[in-house]
Amino acid sequence: MSLKDRLLEDMKSAMKEKDTIRKSTITMVRASILQKEKDEKVKLDDAGVVGIIAKEVKQRRDSIPEFERGNRPDLVDKLNTEINILMEYLPQQLTEKEIEKIVVQTISEVGATGMKDMGKVMGALMPRLKGRADGKLINGMARKHLQ
């Protein structure tokens, strides 16, 4: 079963169970997928869908500090619930040790010697780790090892 089919089935079951937050979260992701397919005139495979879901998770994580500063714990809780729902559709997240191992390996593969090679390293890392690790964490580890 493809990821798009799984999202559709889960949306149907959320509707039957009257789980409004799950239904609305899945609906938003499906709308993003459909929009991307229409804009680029392509049919997304599971890797493309994972990329969109990872982007949706990132957007929600980036919004949390703003809602915390605005003293809106209700919205923070809602975003955390949505993140947990979306994480079910992403591949198993890597641990920090696993990420660090891949970062070190990639740095040696591209022959990076310092911060000037950061773009080259990140260009090689992101396709490898897409959807399996947070971009900020990857960037931070790459910076640490390049300094």
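Values below: every heavy atom of this structure, side chains too, minus hydrogens, waters and symmetry copies.
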Exercise for review: With side-chain contact (heavy atoms from CB on, under 4.5 Å) as the test, would you mind laying out the steps for K116 and T113 before giving the verdict?
Suggested key: CA-CA 8 Å; K116 65 181 180 355; T113 56; 2.8 Å; yes
Pairing of [X] and [Y] as salt bridge, 4.0 angstrom limit:
X    : Y    : value
K4   : E37  : yes
E100 : K97  : no
D134 : K136 : no

Report yes or no: do [X] and [Y] belong to one cluster of Ile/Leu/Val/Met/Phe/Trp/Tyr joined by side chain heavy-atom distances under 4.5 Å?
X    : Y    : value
L94  : I107 : yes
M118 : V104 : no
V42  : V49  : yes
V29  : L34  : no
V50  : I99  : no

Minimum-distance pair of heavy atoms, taken over all atoms of [X] and [Y]:
X    : Y    : result
A112 : D117 : CA-OD2, 3.3 Å
L90  : A54  : CD2-N, 3.8 Å
S108 : Q105 : OG-O, 2.8 Å
P127 : A124 : CD-O, 3.6 Å

For the atom pair [atom1] ([X]) and [atom2] ([Y]), what is the distance rounded to the nearest 0.5 Å?
X    : Y    : atom1 : atom2 : result
I21  : K78  : CD1   : NZ    : 5.5 Å
L86  : Q59  : CG    : CD    : 10.0 Å
T25  : D10  : OG1   : CG    : 12.0 Å
E9   : I26  : CD    : CD1   : 10.5 Å
S32  : L44  : OG    : CG    : 11.0 Å
M126 : T106 : CE    : OG1   : 11.5 Å

Practice item. Report the C-alpha distance between E109 and R128 in whole Å, list the side-chain angles of each, state the deciding distance to 0.1 Å, and finish with yes or no for salt bridge (Lys or Arg N to Asp or Glu O under 4.0 Å). Key: CA-CA 13 Å; E109 284 175 7; R128 279 185 176 177; 2.4 Å; yes
Practice item. Evaluate side-chain contact (heavy atoms from CB on, under 4.5 Å) for M11 paired with R22, printing each intermediate quantity in order. Key: CA-CA 7 Å; M11 186 181 76; R22 179 175 288 277; over 6 Å; no
Point to revise | salt bridge (Lys or Arg N to Asp or Glu O under 4.0 Å) evaluation trace for R69 with E66 | key: CA-CA 5 Å; R69 280 194 289 276; E66 296 297 322; 2.4 Å; yes
Exercise for review: In sequence, state the C-alpha distance, the side-chain angles, and the governing distance for M115 and R143, and then conclude on side-chain contact (heavy atoms from CB on, under 4.5 Å).
Suggested key: CA-CA 7 Å; M115 285 303 291; R143 284 183 183 281; 3.0 Å; yes
Under 4.5 Å between any side-chain heavy atoms of [X] and [Y], yes or no?
X    : Y    : value
I102 : R132 : yes
M141 : E96  : yes
F67  : D74  : no
I64  : I83  : yes
I53  : L3   : yes

Practice item. Please step through side chain to side chain donor-acceptor pair (under 3.5 Å) for the pair T81 and D77, ending with a clear verdict. Key: CA-CA 6 Å; T81 303; D77 291 342; over 6 Å; no
Exercise for review: Apply the test side chain to side chain donor-acceptor pair (under 3.5 Å) to residues N84 and E88: give CA-CA distance (whole Å), side-chain angles for both, the deciding distance (0.1 Å), then the verdict.
Suggested key: CA-CA 7 Å; N84 291 334; E88 295 172 15; over 6 Å; no
Review point. Where do D19 and K23 land on the salt bridge (Lys or Arg N to Asp or Glu O under 4.0 Å) test, with the steps shown first?
Key: CA-CA 6 Å; D19 186 349; K23 182 186 99 36; over 6 Å; no
Review point. Is the CE atom of M87 crowded by more than 12 outside heavy atoms at less than 6.0 Å?
Key: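 For M87, atom CE is crowded (more than 12 foreign heavy atoms under 6.0 Å).
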Look at the side chain of [X] and the backbone N and O of [Y], then say whether any donor-acceptor pair between them is shorter than 3.5 Å.
X    : Y    : result
D45  : G48  : yes
R60  : E56  : yes
N80  : V76  : yes
N139 : G135 : no

